[in-house]
Amino acid sequence: MKAIRLRPLDKSDWYSVSKIYSQGIATGIATFETECPTWEQWNSKYLLHSRLVAVLNGTVIGFAALAAVSKRAVYNGVAEVSVYVSEAFKGKHVGERLLKHLIRESEANGIWTLQANIFSENNASINLHLKCGFRIVGARERIGKLKGRWYDNQLLERRSEVIK
């Protein structure tokens with residue numbers, strides 16, 4: 001899919017990004033969120049750098065962003081990854097392109113460790129992260145409840161080979 005272009009995500013992308021995020025919520029294995037946030041809520045959660053959208057023929061078909069894992073200075077180089085792809089483009093390597101580019105962006109901005117908390121049932125996302133150099137460091141059992149059911153998360157991380 002060579003026609004796909006990656007570029008920085010900005011506020012004008014929010015309508016499309018929110019629709020893709022809502023698709024993820026609907027799967028029941030992408031996030032513990034049950035409602036799509038407003039732009040202001042989403043914007044305050046994610047770092048201002050390393051926000052990307054994948055665009056095909058002028059349409060946003062996926063996005064990726066980083067959130068700080070802590071406000072403590074010692075963790076300034078550690079961020080949590082979010083990658084979402086439109087249902088219509090799953091299995092077409094859009095997530096892989098986004099995640100690989102996000103890794104480069106993160107390193108350019110001083111991030112030395114990326115982490116992902118992924119539902120144990122979300123095999124596609126786990127495999128994507130493994131393919132992009134993440135490793136499973138453990139399972140967080142019954143870490144959260146969604147619609148009355150407990151879920152486990154796999155904790156994955158990727159340590160930069162650029163920032164030492």
Side-chain angles (χ1 to χ4, degrees), residues 4-73 75-90 92-122 124-126 128-129 132 134 140 143-147 149 151-158 160:
I4 293 175
R5 189 171 60 93
L6 302 181
R7 64 165 173 76
L9 183 157
D10 64 37
K11 185 177 181 178
S12 67
D13 298 313
W14 181 243
Y15 177 79
S16 299
V17 166
S18 69
K19 295 302 174 202
I20 294 167
Y21 189 63
S22 292
Q23 289 176 357
I25 291 170
T27 68
I29 59 167
T31 178
F32 283 109
E33 297 297 333
T34 57
E35 293 181 11
C36 191
T38 64
W39 163 255
E40 290 73 20
Q41 292 166 327
W42 189 92
N43 188 48
S44 68
K45 178 180 176 181
Y46 290 93
L47 298 175
L48 295 178
H49 64 78
S50 306
R51 297 175 173 194
L52 304 168
V53 288
V55 180
L56 178 63
N57 298 326
T59 301
V60 173
I61 61 170
F63 72 93
L66 297 177
V69 299
S70 175
K71 292 182 181 183
R72 295 178 57 199
Y75 295 113
N76 282 344
V78 183
E80 184 175 358
V81 174
S82 288
V83 179
Y84 287 81
V85 176
S86 168
E87 287 292 329
F89 290 90
K90 296 219 185 254
K92 298 185 186 320
H93 304 284
V94 176
E96 182 179 351
R97 288 191 56 193
L98 280 164
L99 186 52
K100 285 180 175 178
H101 195 84
L102 188 66
I103 290 166
R104 289 190 298 275
E105 287 281 318
S106 73
E107 290 172 335
N109 284 282
I111 303 296
W112 59 79
T113 299
L114 294 175
Q115 71 178 38
N117 294 290
I118 304 172
F119 282 66
S120 295
E121 295 85 354
N122 194 340
S125 188
I126 291 169
L128 166 65
H129 285 75
C132 291
F134 285 71
R140 302 177 79 191
I143 192 67
K145 211 173 196 180
L146 182 62
K147 297 181 181 177
R149 178 179 168 208
Y151 284 90
D152 299 345
N153 272 184
Q154 297 296 309
L155 176 59
L156 292 88
E157 73 174 21
R158 182 188 184 281
S160 173

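The first residue of the sequence shown is numbered 1, and numbering continues consecutively from there.
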With a cut-off of 3.5 Å and sequence neighbours excluded, list every side-chain donor-acceptor pair involving residues 13-20.
unit_1 : atom_1 : unit_2 : atom_2 : d
Asp13  : OD1    : Arg7   : NH1    : 3.4
Asp13  : OD1    : Arg7   : NH2    : 2.7
Asp13  : OD2    : Arg7   : NH1    : 2.9
Asp13  : OD2    : Asp10  : N      : 2.9
Ser18  : OG     : Trp14  : O      : 3.1
Ser18  : OG     : Tyr15  : O      : 2.8

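The ring pair (Phe, Tyr, Trp, His ring centres under 6.0 Å) test applied to Tyr151 returns Phe119, not counting sequence neighbours. Remark: Glu80 pairs with Asn117 by the side chain to side chain donor-acceptor pair (under 3.5 Å) rule, at least two apart or across chains. Thr59 pairs by the side chain to side chain donor-acceptor pair (under 3.5 Å) definition with nothing, not counting sequence neighbours. In terms of the salt bridge (charged side-chain N to carboxylate O under 4.0 Å, His left out) criterion, Lys90 has no residue partners (sequence neighbours excluded). With sequence neighbours excluded, no residue forms a side chain to side chain donor-acceptor pair (under 3.5 Å) with Glu87. For Ser70, the side-chain contact (heavy atoms from CB on, under 4.5 Å) criterion is met by Arg72, Tyr75, not counting sequence neighbours. Remark: Asn109 pairs with His49, Ser50, Glu105 by the side-chain contact (heavy atoms from CB on, under 4.5 Å) rule, at least two apart or across chains. With sequence neighbours left out, Ser22 forms a side-chain contact (heavy atoms from CB on, under 4.5 Å) with Cys36. Under the side-chain contact (heavy atoms from CB on, under 4.5 Å) criterion, Gln41 pairs with Pro37, Thr38, sequence neighbours left out.
Remark: side-chain polar atoms of Asn122 are paired, donor with acceptor, to backbone N or O of Ile29 under 3.5 angstrom.
Closest approach of Leu114 to Ser106, counting heavy atoms only: CD1-OG, 3.7 Å. Taking all atoms of both residues into account, the shortest heavy-atom contact from Leu146 to Gly28 is CD2-O, 3.6 Å. When all heavy atoms are compared, the tightest approach of Thr113 to Ile111 is O-CG2, 3.5 Å.
Every pair tested for salt bridge (charged side-chain N to carboxylate O under 4.0 Å, His left out) that includes a residue from residues 27-47 fails, sequence neighbours excluded, so the list is empty. The salt bridge (charged side-chain N to carboxylate O under 4.0 Å, His left out) pairs that include a residue from residues 51-68 number zero, where partners must be two or more places apart or lie in different chains.
For the pair Phe134 and Leu99, the minimum side-chain heavy-atom distance is below 4.5 Å. With a 4.5 Å cut-off on side-chain heavy atoms, Val53 and Leu98 do not count as touching. By the 4.5 Å heavy-atom criterion applied to side chains, Leu52 and Leu9 are not counted as neighbours.
Atoms CD and CZ, on Glu107 and Arg104 in that order, are 9.5 Å from each other to the nearest 0.5 Å. The structure places NZ of Lys92 at 10.5 Å from OG of Ser86, a figure rounded to the nearest 0.5 Å. Distance check: Glu121 CD to Ile126 CD1 gives 8.5 Å after rounding to the nearest 0.5 Å. Atom CG of Leu66 and atom CG of Leu102 lie 4.0 Å apart (nearest 0.5 Å). In this structure, CZ in Arg97 is found 5.0 Å from CG in Leu6, a value given to the nearest 0.5 Å.
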*List the steps and the verdict of side-chain contact (heavy atoms from CB on, under 4.5 Å) for Ile4 and Phe89.*
CA-CA 11 Å; Ile4 293 175; Phe89 290 90; 5.5 Å; no
*Start with the C-alpha gap between Ile143 and Asp152, add the side-chain angles, then the distance that decides, and say whether side-chain contact (heavy atoms from CB on, under 4.5 Å) holds.*
CA-CA 6 Å; Ile143 192 67; Asp152 299 345; over 6 Å; no
